[in-house]
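Letters A, B, ... mirror the listed sequences (proteins, then strands); counts begin at 1. Since the model is a prediction, treat every value here as computed from it, not as a measurement.
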Protein chains: 2
Amino acid sequence: MSIVLLAKNLGLSISTVSRALNGYEDVSAATRERVVLRAKAIGYRPNPSARRLGAGKTLAIGVILPATGSTGQAVDSMYSSLLGGVVTEIEPAGYHLMASMQAKHDAARETALFENFIRGGWVDGLLIVRTRVHDARLELARAAKTPFVTYGRTESDQPYAWVDTDNEKAFHLATTRLLDLGHRRIALVNGPEEYSFAQFRRRGYVRALASRKLKPDPTWMLHGDLTERAGHELCRSLLIRRPAPTAFVCATDSMAFGAIAACREASLSIGSDVSVIGYGNSSLSAFCDPPLTTMEHQVFENGRYVGRALLQLLRKEIQPADVHYLEPVVLVPRKSDGPAPQ
Amino acid sequence: MSIVLLAKNLGLSISTVSRALNGYEDVSAATRERVVLRAKAIGYRPNPSARRLGAGKTLAIGVILPATGSTGQAVDSMYSSLLGGVVTEIEPAGYHLMASMQAKHDAARETALFENFIRGGWVDGLLIVRTRVHDARLELARAAKTPFVTYGRTESDQPYAWVDTDNEKAFHLATTRLLDLGHRRIALVNGPEEYSFAQFRRRGYVRALASRKLKPDPTWMLHGDLTERAGHELCRSLLIRRPAPTAFVCATDSMAFGAIAACREASLSIGSDVSVIGYGNSSLSAFCDPPLTTMEHQVFENGRYVGRALLQLLRKEIQPADVHYLEPVVLVPRKSDGPAPQ
DNA sequence: TTGCTTGACAAAAACCTTTTTGTCCAGCCC
DNA sequence: GGGCTGGACAAAAAGGTTTTTGTCAAGCAA
């Protein structure tokens with residue numbers, strides 16, 4: 001059921017049918033309606049491949065998800081929500097999501113995948129997630145003139161479109177809360193240093209300490225994978241020091257659960273002997289014991305923002321510099337933190 | 001950098017260049033090598049859109065992920081691993097993954113998405129996940145002559161390609177373990193009845209009870225979403241009965257965590273007063289308190305199997321009936337279960 | 001020599017749109 | 001009446017491959 005048949009069926013030319021369906025102005029309202037109705041009636045759907053070739057657009061947005069976990073085979077569930085938001089916005093506009101995955105710490109493959117996506121002409125736009133402090137992907141995308149939005153900021157001398165959560169504010173908030181509870185020995189169980197979110201979080205933590213005239217101790221600011229395992233090990237390594245920390249601010253809920261496990265092994269009571277704050281408000285955080293004090297942000301809504309921004313960039317309605325959305329974060333107080341032990 | 005330029009550059013015809021790059025036999029080895037080398041040298045990449053139109057293939061595999069969670073915005077993290085496995089296999093073959101998402105309980109949208117994917121010619125093959133007992137998607141895919149592999153089985157009068165975990169065996173195993181520990185009042189905290197995996201799990205549970213001459217009580221076989229919240233509520237509703245269950249077999253680790261929370265609220269000690277077994281061996285299950293006894297299966301590897309099967313189906317090397325892979329499941333004993341209280 | 005096969009390459013068709021350019025006619029102004 | 005404008009549609013080009021069909025010379029048998 002090609003456009004040729006539809007045109008023949010209507011007694012019109014191919015071009016008129018095409019223009020009618022694509023909303024051009026140089027086709028009369030009566031004709032347009034006739035075309036649209038008949039197309040629907042006989043179930044005509046334009047062939048995406050031909051449409052892509054003809055229009056020079058792929059109608060696809062590319063995203064490469066970073067695999068994490070000890071086996072390098074899992075994906076942070078946060079990205080599911082993010083992509084859900086993106087899809088919600090782009091699908092009504094006829095765009096689809098082309099997803100790939102990238103093993104952990106495999107820079108060569110990462111670049112190859114990226115090159116393939118953008119230079120190979122697979123996608124019209126890109127979503128770049130888990131930005132690094134210095135992120136080569138931006139240069140690649142720019143060189144290929146492929147519009148993109150990053151989820152997370154990075155250091156760049158040129159304007160770029162980004163959506164991010166206020167990591168610095170979040171960790172300032174969490175650390176301040178612990179300070180207010182009387183804690184003075186607060187450890188930071190952070191994500192990998194290379195990622196910019198980790199830098200922002202550290203900055204928030206340091207700023208909060210500094211505002212109380214406390215000097216941050218670098219040996220209490222540790223980095224690791226965003227996993228329970230890493231949280232567990234980092235926390236354990238901190239707990240054997242003397243004096244030991246009385247509180248932990250963790251980069252993710254997963255890390256916090258690992259940290260809690262380590263505290264428990266050290267026979268510390270969570271929420272009284274030691275305080276732990278997570279990040280992400282995972283579905284589990286309300287049901288664990290004790291319920292986890294954590295930071296919530298609206299990942300799905302951020303995804304929608306990203307999707308809208310991508311569409312507008314593709315339509316050249318806005319410039320990359322116009323997309324700077326910093327989402328506020330709220331603290332969800334539960335029971336995993338409490339007054340510092342005296 | 002089109003194939004025209006490359007051909008001109010080589011002094012060959014377009015067709016010879018195309019056939020050389022695509023491994024046809026009617027081009028001499030010397031010429032082929034020359035073409036491949038030059039293509040690499042000048043960075044020629046075939047335009048995917050043109051290739052798709054020319055060959056009548058999209059080089060894409062479609063998958064529609066089921067959104068879950070109370071907000072309907074999250075995706076079971078299991079699918080990340082599954083898709084990781086799929087991507088690992090199909091990308092070297094030049095295929096990409098086109099992903100969409102589907103809100104919970106939105107049958108109309110589900111069908112529309114599916115129709116669009118297959119009738120609209122967006123993909124060459126499909127991965128159908130979270131199969132229902134009666135699943136209309138199979139008919140749609142068959143009608144459109146789109147090859148597909150299901151993850152999970154379903155009731156169908158025609159052969160179809162499926163990959164599944166041995167849910168029945170898994171729950172037989174878990175239930176038997178609890179029976180061996182002396183439990184007699186074992187509740188099943190299952191997923192939504194419409195999904196076939198829930199049926200298999202119930203069957204395994206029932207079979208295990210029957211093999212000990214125990215009559216399964218339907219009011220102890222509950223269904224709910226695969227979330228902590230649902231696990232929590234279902235378990236709570238069971239605990240207020242008299243006599244109350246002494247053990248819970250749960251459809252996912254998430255449900256198990258919810259169940260554990262409910263038990264704790266009832267002041268029951270997990271692993272002694274009451275036993276809980278999960279499913280999935282989530283990364284958290286080893287770090288919670290007590291560590292969760294659960295069932296492990298190799299989702300990533302299953303994804304690889306799915307990917308390979310899809311490629312072979314697309315190449316018509318095998319028939320759907322040749323793809324019947326039932327993955328065994330292993331129990332990971334930890335501390336959330338123990339001897340029945342007397 | 002003729003006719004057939006085969007190997008290696010080339011020409012052209014096909015894939016199905018979108019976009020650009022062209023046509024034609026009615027209406028209008030001077 | 002000549003020339004211009006604009007509305008509505010049509011013709012043709014463009015997009016870059018793959019696939020089908022065609023060509024031509026070399027090799028070989030009868």
Side-chain angles (χ1 to χ4, degrees), chain A residues 1-36 38-39 42-60 94-96 116 119-124 314-316, chain B residues 1-36 38-39 42-60 93-96 119-124 314-316:
Chain A
M1 181 35 58
S2 75
I3 198 173
V4 181
L5 295 180
L6 178 58
K8 210 164 276 176
N9 183 299
L10 281 158
L12 288 170
S13 75
I14 296 173
S15 49
T16 300
V17 173
S18 174
R19 297 179 80 76
L21 292 173
N22 288 313
Y24 280 74
E25 284 305 317
D26 64 351
V27 46
S28 72
T31 304
R32 179 195 318 285
E33 194 182 3
R34 208 160 64 86
V35 171
V36 170
R38 189 71 61 88
I42 63 180
Y44 166 71
R45 293 165 191 263
N47 178 312
S49 301
R51 197 210 272 255
R52 289 191 265 226
L53 182 58
K57 293 175 183 174
T58 65
L59 299 178
Y95 277 85
H96 285 257
N116 186 25
R119 302 219 82 90
W122 284 95
V123 297
D124 294 335
L314 289 170
R315 295 179 190 134
K316 297 193 193 303
Chain B
M1 180 37 57
S2 74
I3 199 173
V4 181
L5 294 181
L6 178 58
K8 212 165 272 176
N9 183 299
L10 281 158
L12 289 170
S13 74
I14 295 171
S15 49
T16 300
V17 172
S18 173
R19 298 180 77 77
L21 291 173
N22 288 314
Y24 280 73
E25 283 307 316
D26 64 350
V27 47
S28 73
T31 305
R32 180 194 315 287
E33 194 182 4
R34 209 160 64 86
V35 171
V36 170
R38 190 70 62 87
I42 63 181
Y44 166 71
R45 293 164 190 264
N47 178 313
S49 300
R51 197 210 273 256
R52 288 191 265 227
L53 182 58
K57 293 174 183 175
T58 65
L59 299 179
Y95 277 84
H96 286 258
R119 300 219 83 91
W122 284 95
V123 296
D124 294 334
L314 289 170
R315 295 180 190 133
K316 299 193 194 299

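- For the residue pair B:Ser18 and B:Ser15, no side-chain donor N or O sits within less than 3.5 Å of a side-chain acceptor on the partner.
- Distance B:Glu25 CD to C:dC9 C1': 15 Å, rounded to the nearest Å.
- The distance between atom NZ of B:Lys57 and atom C1' of D:dT19, rounded to the nearest whole Å, is 11 Å.
- Between B:Asn47 atom CG and A:Thr58 atom OG1 the span is 10.0 Å, to the nearest 0.5 Å.
- Side-chain contact check for A:Arg52 versus A:Lys57: every heavy-atom pair is 4.5 Å or farther apart.
- Protein atom NZ of A:Lys8 is 13 Å distant from nucleotide atom P of C:dC16, rounded to whole Å.
- With a 4.5 Å cut-off on side-chain heavy atoms, B:Tyr44 and B:Leu21 count as touching.
- Taking atom OH of residue B:Tyr24 and atom C1' of nucleotide D:dT17, one finds them 11 Å apart after rounding to whole Å.
- Looking only at distances, a side-chain donor or acceptor of A:Arg38 sits under 3.5 Å from a matching main-chain atom of A:Asn9.
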Can you tabulate the close N/O pairs, meaning under 3.5 Å, that link protein atoms to atoms of nucleotides 9-16 of chain D?
unit_1 : atom_1 : unit_2  : atom_2 : d
D:dC9  : OP1    : A:Thr31 : OG1    : 2.8
D:dC9  : OP2    : A:Ser28 : N      : 3.0
D:dC9  : OP2    : A:Ser28 : OG     : 3.1
D:dC9  : OP2    : A:Thr31 : OG1    : 3.2
D:dC9  : N4     : A:Asp26 : OD2    : 3.4
D:dA10 : OP2    : A:Ser13 : N      : 2.8
D:dA10 : OP2    : A:Ser13 : OG     : 3.1
D:dA10 : OP2    : A:Thr16 : OG1    : 3.0
D:dA10 : N7     : A:Ser15 : OG     : 3.3
D:dA11 : N7     : A:Ser15 : OG     : 3.3
D:dA11 : N6     : A:Ser15 : OG     : 3.1

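- Here the side chains of B:His96 and B:Leu59 are not in contact, with every heavy-atom distance at 4.5 Å or above.
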